[in-house]
Novice: 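I have a structure here, written as structure tokens, and I will follow up with some questions on it.
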Amino acid sequence: MNVAKILFAGLIIGFGLFESSAEGQIKSPILFQSETIDSQVIIGYGTAIGDVDGDNRPDILLADKKQFVWYRNPDWKRFVIAENLTQRDNVCIAARDIDGDGKVEIAVGGQWNPGDTENSGAVFYLAPGPDRKERWTPIELPHEPVVHRMRWLKMSDKKFGLVVAPLHGRGNKNGEGVGSRLLVYQMAEGPEQPWKVDLIDDEYHVTHNFDVAATGHDADGEDLFYLGREGAKRIRLRDGQWQRERLLGIKGGGEIRFGRNAAGVSFLSTIEPFHGTDLVLYETKMSPENKPLPFAQRTVLDSKLNQGHAIAVGDFFGNGEAQIVAGWRKPNEDGKFGIKIYFAEPSDGPEREWNSFFVDENTMACEDLRAADLNGDGRLDIVASGRSTHNLKIYWNLPSN
């Protein structure tokens with residue numbers, strides 16, 4: 001195991017990392033300032049970011065226990081999209097502008113019961129009325145049991161699909177039985193008409209999350225990076241067929257995100273194992289024949305998470321390099337939970353040392369998080385929802401002085 005050297009040489013003040021300069025002055029490369037926009041979240045199962053009302057500002061969306069809601073940028077007023085769609089809890093939400101009108105389309109999942117692999121689960125498309133601040137109309141779609149995660153996927157230049165991943169396969173017990181059916185839904189004539197539903201993959205028996213990313217391999221479509229207890233794979237739609245590539249070096253886990261470093265080389269970050277303790281980085285390494293092996297170099301960035309449940313990747317520092325943000329929801333061996341950001345120290349050689357600091361220490365039992373520039377200042381902010389802390393917060397990425 002190649003374990004990264006995590007350095008804690010800086011002084012953490014508030015939510016920022018401060019370090020001494022050569023002249024002895026204190027400088028801050030980055031500072032996050034938190035703002036609670038909802039302190040009465042029941043269970044912040046899932047978040048999304050997108051322009052709901054068409055004012056060219058990204059809004060925040062939340063799948064809470066019984067309600068799907070959105071918060072208007074910049075006053076963060078809360079509006080209920082739908083509630084009590086199912087008897088049991090909501091669990092996921094997907095929001096993206098798929099028709100080019102500048103406003104997101106929304107799909108949601110509910111009837112969450114991981115112990116019922118026969119009759120649980122629900123999928124809805126939510127159709128807006130003339131006023132998007134009012135309740136939206138739910139349109140129920142076919143579903144597999146234990147619906148758990150969903151994202152809109154760009155399949156080609158003008159075609160999007162809703163990818164939905166169940167936690168378990170139908171009728172599974174203890175992770176054994178038939179595979180979990182990863183499905184893609186495509187709107188045909190309109191949301192109230194029958195949707196086309198295709199199977200993408202059914203190999204894994206217990207899955208947890210996936211990412212969609214434009215990797216550069218296809219200018220029109222995006223790739224899926226799919227993770228379960230049994231491993232990970234990259235899935236692409238090419239010439240109308242789903243191509244599946246097992247990523248053999250990646251162990252099973254719960255969370256996965258795609259990113260690129262400053263040189264433009266792709267990497268993946270995961271949380272392992274399922275609801276795990278380890279934040280892991282997978283980068284390209286060279287084979288003995290001097291050929292690049294994508295995602296083959298495994299580095300553990302942190303092994304002190306407890307129920308790690310969220311990752312985001314992006315250039316938060318504005319230095320052209322990608323950083324990794326990870327959140328977990330239970331106190332670890334040091335009694336800490338919350339959100340940390342991990343970043344590589346500058347290096348002239350192939351070996352890099354990684355540093356980290358808390359974005360939130362012990363006030364965010366992180367269930368989900370997202371990264372986006374919410375105020376148009378060119379810096380990525382963080383949005384996170386808490387489980388036992390019952391909160392939804394923005395961490396504003398402030399300029400350093």
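Any value given below was found using the heavy atoms of this structure, including those in side chains, with hydrogens, waters and symmetry copies removed.
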Novice: Is there a donor-acceptor pair closer than 3.5 Å between any side-chain N or O of Arg132 and the backbone N or O of Val52?
Specialist: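 Side chain of Arg132 to backbone of Val52: a pair is present.
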Novice: Show your working on side chain to side chain donor-acceptor pair (under 3.5 Å) between Asn355 and Tyr342 and close with a plain yes or no.
Specialist: CA-CA 6 Å; Asn355 203 332; Tyr342 302 79; over 6 Å; no
Novice: Please check: side-chain N/O of Asp55 versus main-chain N/O of Arg57, any donor-acceptor pairing under 3.5 Å?
Specialist: yes
Novice: One pair to check against side chain to side chain contact (heavy atoms under 4.5 Å, CB included): Phe357 and Ile341. What are the steps and the verdict?
Specialist: CA-CA 6 Å; Phe357 61 88; Ile341 188 166; 3.3 Å; yes
Novice: Parallel, tilted or perpendicular: which fits the ring planes of His275 and His309, with parallel below 30° and perpendicular above 60°?
Specialist: tilted
Novice: Do Leu183 and Ile200 touch side chain to side chain, with heavy atoms closer than 4.5 Å?
Specialist: no
Novice: Measure from the side-chain N and O atoms of His143 to the backbone N and O of Val123, and report whether any donor-acceptor pair falls under 3.5 Å.
Specialist: no
Novice: Which pair of non-hydrogen atoms, one from Glu255 and one from Ala310, has the smallest distance, and what is that distance?
Specialist: CG-N, 3.8 Å
Novice: Answer yes or no for Lys340 and Phe358: cation-pi contact, defined as NZ/CZ to six-membered ring centre under 6.0 Å and angle to ring axis within 45°.
Specialist: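 Judged by the rule (NZ or CZ under 6.0 Å from the ring centre, within 45° of its axis), Lys340 counts as positioned above Phe358.
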Novice: Using atom types as modelled and distance alone, determine if a side-chain donor or acceptor of Asp315 lies under 3.5 Å from a backbone N or O of Gly320.
Specialist: yes
Novice: Can you give me the closest heavy-atom contact between Phe258 and Ala213, atom names plus distance?
Specialist: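 Heavy-atom minimum between the residues: CD2-CB, 3.5 Å.
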Novice: Any side-chain donor paired with an acceptor under 3.5 Å for Trp354 and Glu345?
Specialist: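 There is no such pair (donor and acceptor under 3.5 Å, judged by atom type) between the side chains of Trp354 and Glu345.
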Novice: For the backbone of Thr277 and the side chain of Asn306, can you confirm whether one donor and one acceptor N or O come within less than 3.5 Å of each other?
Specialist: no
Novice: Taking all heavy atoms of Gln67 and all of Val80, pick out the closest pair and write down the distance.
Specialist: NE2-CG2, 3.7 Å
Novice: Using atom types as modelled and distance alone, determine if a side-chain donor or acceptor of Asn397 lies under 3.5 Å from a backbone N or O of Ile30.
Specialist: no
Novice: Would the distance check show the side chain of Tyr185 and the main-chain N or O of Tyr125 forming a donor-acceptor pair, the cut-off being under 3.5 Å?
Specialist: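 Looks like no, no N/O pair under 3.5 Å.
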Novice: Can you confirm whether Asn375 sits close enough to Asp373 that some side-chain heavy atom of one is under 4.5 Å from a side-chain heavy atom of the other?
Specialist: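 Yes, at least one pair of side-chain atoms sits under 4.5 Å.
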Novice: Given side chains that start at C-beta, do those of Leu62 and Trp70 come closer than 4.5 Å, heavy atoms only?
Specialist: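 Leu62 does not reach Trp70 side chain to side chain.
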Novice: I'd like to know if Glu272 and Arg298 make a salt bridge, using a cut-off of under 4.0 Å between side-chain N and carboxylate O.
Specialist: yes
Novice: Is a side-chain N or O of Asp360 found less than 3.5 angstrom from the main chain of Gly338, in a donor-acceptor match?
Specialist: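 Not a single qualifying donor-acceptor pair exists.
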Novice: Does His168 form a ring-ring contact (aromatic ring centres under 6.0 Å, His included) with His205? I'd like the steps, not just the answer.
Specialist: CA-CA 6 Å; His168 299 290; His205 296 81; over 10 Å; no
Novice: Measure from the side-chain N and O atoms of Thr270 to the backbone N and O of Ile250, and report whether any donor-acceptor pair falls under 3.5 Å.
Specialist: no
Novice: What about Trp152 and Phe160, are their ring centers closer than 6.0 Å?
Specialist: no
Novice: Grab the two heavy atoms, one from Val197 and one from Pro142, that are nearest each other, plus how far apart they are.
Specialist: CG2-CG, 4.5 Å
Novice: Can you run down the salt bridge (Lys or Arg N to Asp or Glu O under 4.0 Å) pairs that involve residues 174-190, sequence neighbours left out, and say none if there aren't any?
Specialist: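 Every pair satisfying salt bridge (Lys or Arg N to Asp or Glu O under 4.0 Å) with a residue in residues 174-190: Glu144-Arg181.
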Novice: Any salt bridge linking Arg96 with Glu105? Criterion: basic side-chain nitrogen under 4.0 Å from a carboxylate oxygen.
Specialist: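 Glu105 and Arg96: not salt-bridged.
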Novice: One thing to verify: whether Arg379 and Asp381 come together as a salt bridge, which I'm taking to mean a side-chain N less than 4.0 angstrom from a carboxylate O.
Specialist: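 Salt bridge: no.
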Novice: Drop me the distance from Leu237's CG to Glu222's CD, to the nearest 0.5 angstrom.
Specialist: 12.0 Å
Novice: Check Leu279 against Ser269 and note the closest heavy-atom contact, atom names and distance.
Specialist: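 Looking at all heavy atoms of both residues, the closest pair is CD1-OG, 3.5 Å.
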Novice: Can you see whether Asp59 engages Tyr71 through a side-chain donor-acceptor pair at a distance of less than 3.5 angstrom?
Specialist: no
Novice: So do the side chains of Ile311 and Ile324 get within less than 4.5 Å of each other, counting heavy atoms only?
Specialist: yes
Novice: Is there a side-chain contact between Leu227 and His208, using heavy atoms and a 4.5 Å cut-off?
Specialist: no
Novice: Pick out which of Val69, Ile106, Ile49 makes a side-chain contact (heavy atoms from CB on, under 4.5 Å) with Leu61.
Specialist: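 Option passing the side-chain contact (heavy atoms from CB on, under 4.5 Å) with Leu61: Ile106.
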Novice: Does this structure show an ion pair linking Lys103 with Asp97, if we count only N-O contacts that are shorter than 4.0 Å?
Specialist: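 So Lys103 does not pair with Asp97 through a salt bridge.
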Novice: Ion pair present between Glu83 and Lys66, side-chain N to carboxylate O less than 4.0 angstrom?
Specialist: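 Between Lys66 and Glu83 there is no salt bridge, as every charged N stays at least 4.0 Å from the carboxylate O atoms.
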Novice: Does Asp75 CG have over 12 foreign heavy atoms under 6.0 Å away?
Specialist: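 Above 12, so yes.
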Novice: What is the distance from atom CD1 of Ile339 to atom CG of Asn362, rounded to the nearest 0.5 Å?
Specialist: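 With rounding to 0.5 Å, CD1 (Ile339) is 11.5 Å from CG (Asn362).
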Novice: Walk me through whether Lys159 and Gln186 qualify under side chain to side chain contact (heavy atoms under 4.5 Å, CB included).
Specialist: CA-CA 8 Å; Lys159 183 167 67 174; Gln186 297 176 67; 3.3 Å; yes
Novice: Looking at Asn56, I'd like to know if its CG atom is crowded, meaning that more than 12 non-hydrogen atoms belonging to other residues, nucleotides or ligands lie closer than 6.0 Å.
Specialist: no
Novice: Strictly below 4.0 Å, N to O, side chains only: are Arg234 and Glu245 in salt-bridge contact?
Specialist: yes
Novice: Taking the cut-offs as 6.0 angstrom to the six-membered ring centre and 45 degrees off its axis, would you call Lys233 and Tyr204 a cation-pi pair?
Specialist: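 That pair qualifies as a cation-pi contact.
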Novice: Roughly how far, to the nearest 0.5 Å, is the CZ atom of Phe225 from the CG atom of Leu268?
Specialist: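 It is 5.5 Å, given to the nearest 0.5 Å.
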Novice: Check whether any side-chain heavy atom of Ile256 sits under 4.5 Å from a side-chain heavy atom of Tyr226, and report yes or no.
Specialist: no
Novice: Are Lys133 and Asp53 within salt-bridge range, i.e. N to O under 4.0 Å?
Specialist: no
Novice: What are the two closest non-hydrogen atoms of Cys92 and Phe68, and how far apart are they?
Specialist: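 Answer, listing the atom of Cys92 first, then Phe68: O-CE2, 3.4 Å.
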Novice: Do Glu118 and Asp116 have side chains that approach each other closer than 4.5 Å (heavy atoms only, starting at C-beta)?
Specialist: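 The answer is yes, as the side chains (C-beta and beyond) meet within the 4.5 Å cut-off.
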Novice: Assess, by modelled atom type and distance only, whether the side chains of Arg329 and Gln307 contain a donor and an acceptor separated by less than 3.5 Å.
Specialist: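 Present: a donor and an acceptor within the cut-off.
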Novice: Between atom CD1 of Ile394 and atom CD of Gln33, what is the distance when rounded to the nearest 0.5 Å?
Specialist: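 Separation between the atoms: 11.0 Å.
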Novice: Nearest 0.5 angstrom please: Thr215 OG1 to Asp223 CG, how far?
Specialist: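 Reported to 0.5 Å precision, the distance equals 3.5 Å.
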Novice: Please determine if Arg370 and Asp368 form a salt bridge, counting it only when a charged side-chain N lies under 4.0 Å from a carboxylate O.
Specialist: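 Yes, this pair counts.
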Novice: Does the side chain of Glu321 reach to within under 4.5 Å of the side chain of Phe343, using non-hydrogen atoms?
Specialist: no
Novice: Any chance you could lay out the side chain to side chain contact (heavy atoms under 4.5 Å, CB included) test for Leu182 and Ile235, step after step, and finish with the verdict?
Specialist: CA-CA 11 Å; Leu182 182 69; Ile235 304 175; 4.0 Å; yes
Novice: Asp278 side chain to Val300 main-chain N or O, any donor-acceptor pair under 3.5 Å?
Specialist: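 Here the side-chain-to-backbone pair does not exist.
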Novice: Evaluate the criterion side chain to side chain contact (heavy atoms under 4.5 Å, CB included) for residue pair Thr284 and Leu293; output intermediate values, then yes/no.
Specialist: CA-CA 5 Å; Thr284 296; Leu293 302 174; 5.5 Å; no
Novice: Within this structure, what is the OG1-CD distance for the pair Thr86 and Gln111, rounded to the nearest 0.5 Å?
Specialist: 4.5 Å
Novice: Check this for me: does any side-chain nitrogen of one of Asp211 and Arg149 sit under 4.0 Å from a carboxylate oxygen of the other?
Specialist: no
